[in-house]
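Structure first, commentary second.
Below, chains carry the letters A, B, ... as their sequence lines are ordered, and counting in each starts from 1. The figures here come from the full heavy-atom set of this structure, side chains too, leaving out hydrogens, waters and symmetry mates.
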Amino acid sequence: MLDVAFIRENADLVKEGMKNKGEPDSSVVDRVIEKDEEWRSVVTELDNLRAESNKKAKKIGQLMGQGKKEEAQKLIKETGDNKEKIKELEDKLSGLEKERSDLLYQIPNVPDKSVPVGHSEEDNEVYLTWGETSEEEWRKPHWEIAEKKGWIDFERGSKVTGAGFPFYVGAMARLQRALINFFLNEASEKGYTELQAPYFVNEDSARGTGQIPDKEDMMYTIPRDGFFAIPTAEVPVTNFHRDEIFSMEDLPVYYSAYTPCWRREAGSYGKDVRGLNRLHQFDKVELVKIVHPDSSDEELESLREYAESLLKKLELPYRTLLMCTGDMGFTQTKKYDLEVWSPGQHRWLEVSSCSNFGSFQARRMQLRYKNEKGKTEILHTLNGSGLALPRIVASILETYQTEDGDVLVPDVLQPYMNSEKM
RNA sequence: GGAGAGGUGGCUGAGUGGUCGAAAGCGCUCCCCUGCUAAGGGAGUAUACCCCUAACGGGGUAUCGAGGGUUCGAAUCCCUCCCUCUCCGCCA
């Protein structure tokens, strides 16, 4: 969420950001300012009343200590009416607080100046393209290859769990494991600390990274225990340091984590869901950065370059999109999507999305640092996939298939697979 | 799952109704002294919010696991929840 003080001082900027993100009705900005005004006046009133009764209570204590019981009794009688008023104001205040934060949660992060203004994916900017995309007729989509080889078992996955929960069999399971190891090893060489994170999180954590209240429906829930199955490792990893205060020399902090991810993907039916394109459970290595506010711009670029380097090493043609304001999401200030070429489907598949959240997430979870002057300030957070497996697997199958029906193993994965061929 | 103990500031730890935001020690920061080092002396050292101030700064409120309650007054009493530790049970 944004800082109320920031909204107060930059109302127009915030409204413009909302409009550019596709929300023409920005009246919530004015309402939050109003609510905050009201909240502050109640706080002042309440604080004064409390100060008064604290003073009296102290006095009573003193009198009691001196054995002046009667005087004390007299004072006690006087304090009665304050008490009710305080209680009343306390209730009013917590009501206002709730209303204010409900409004605050509806205001999206402000896009960075460098982000192109637009309202749909058509307005995204192709930032760069790498590699030669092949278009040969003979190339099959990955699901055909996988089916012929018996590598992915969608049917049994449906039987055991449901649609979107496939089994990976034999060489395919090995390939997944190879990719995970490759990604994690690369990340740790680049200074990312590897984390193994919980796969379930509580409500506070889901709120911290912004899944709640915005994207509640994407998550699977474990109602009995109040848990959510993580839709991405971003959630547990970013929350790792929730409510903590860093000192400057601890920054920046880089984490990598492999986890399965669960997404309900409610309402997404149609041709996009074929094969590995969209699953309810998939594997991903996620990268999270916690950085000084001044450096988050550069950190986003290096995060993007790192994710791109993985695709280069796998020799998979890709392109990088700079997402426009309308297609970038509620919590980001700036976002790049990496899309790998799928030669069997003749289309691009999103395999990574690298985002800068500015202070938006960090404020929600009170992630702070002490600056040179010893003042605490909110940090910036970023994350990016490095990378998401299923579509990489799809692209590998389609890119590395041979005309006679085999699939070769990308050079960098051969040590992990002990083989040149799947 | 059963029984018990406990959760206090960066850490250790005192505090069982009144001037306690909290003793003491450690750590850390700054200063002084000591010709280096060691030792010593002094000051400071939580977070959030509100108000005043151009700013330096000042005033106030809240927070002793969380939430609620009793009371003029709660770290201290009561209730609920969470977490940690010990023992037992179960178990990869």
Consider the side chain of [X], meaning its heavy atoms from C-beta on, and name the nucleotide among [options] that approaches it most closely.
| X | options | value |
| --- | --- | --- |
| A:K87 | B:C50, B:A48, B:G69 | B:G69 |
| A:T44 | B:A48, B:C50, B:G73 | B:C50 |
| A:M64 | B:C51, B:A46, B:G18 | B:G18 |
| A:K83 | B:U71, B:U19, B:U47 | B:U71 |

Give none if [N] has no partner; otherwise give the nucleotide forming a Watson-Crick or G-U wobble pair with it, both distances under 3.5 Å.
| N | result |
| --- | --- |
| B:A92 | none |
| B:U34 | none |
| B:U70 | none |
| B:G25 | B:C11 |
| B:G4 | B:C85 |
| B:C56 | none |
| B:U47 | B:A62 |

| said: For the backbone of A:D217 and the side chain of A:R264, can you confirm whether one donor and one acceptor N or O come within less than 3.5 Å of each other? | reply: yes

Does the gap between the ring centers of [X] and [Y] come in under 6.0 Å?
| X | Y | value |
| --- | --- | --- |
| A:H380 | A:F360 | no |
| A:Y255 | A:F240 | yes |
| A:H292 | A:Y369 | yes |

| Atom P, compared across B:U86 and B:C72: separation rounded to whole Å | 43 Å

| query | Does B:C20 have OP1 or OP2 sitting under 4.0 Å from an N or O in the side chain of A:K58? | reply | no

| query | In Å and rounded to the nearest 0.5 Å, what is the CG to NZ distance from A:N109 to A:K334? | reply | 13.5 Å

| query | Is it the case that A:Q361 and A:T209 place a side-chain donor and acceptor less than 3.5 Å from each other? | reply | no

Base, sugar-phosphate, or nothing for [X], non-hydrogen atoms under 4.0 angstrom?
| X | answer |
| --- | --- |
| A:L46 | nothing |
| A:T376 | sugar-phosphate |
| A:K74 | nothing |

| field | A:Y306 and A:Y192 aromatic ring geometry - parallel, tilted or perpendicular at 30°/60° bounds | value | tilted

Using nucleotides 52-60 of chain B, report all nitrogen or oxygen pairs with the protein that are shorter than 3.5 Å.
unit_1, atom_1, unit_2, atom_2, d
B:G60, N2, A:D47, OD2, 3.2

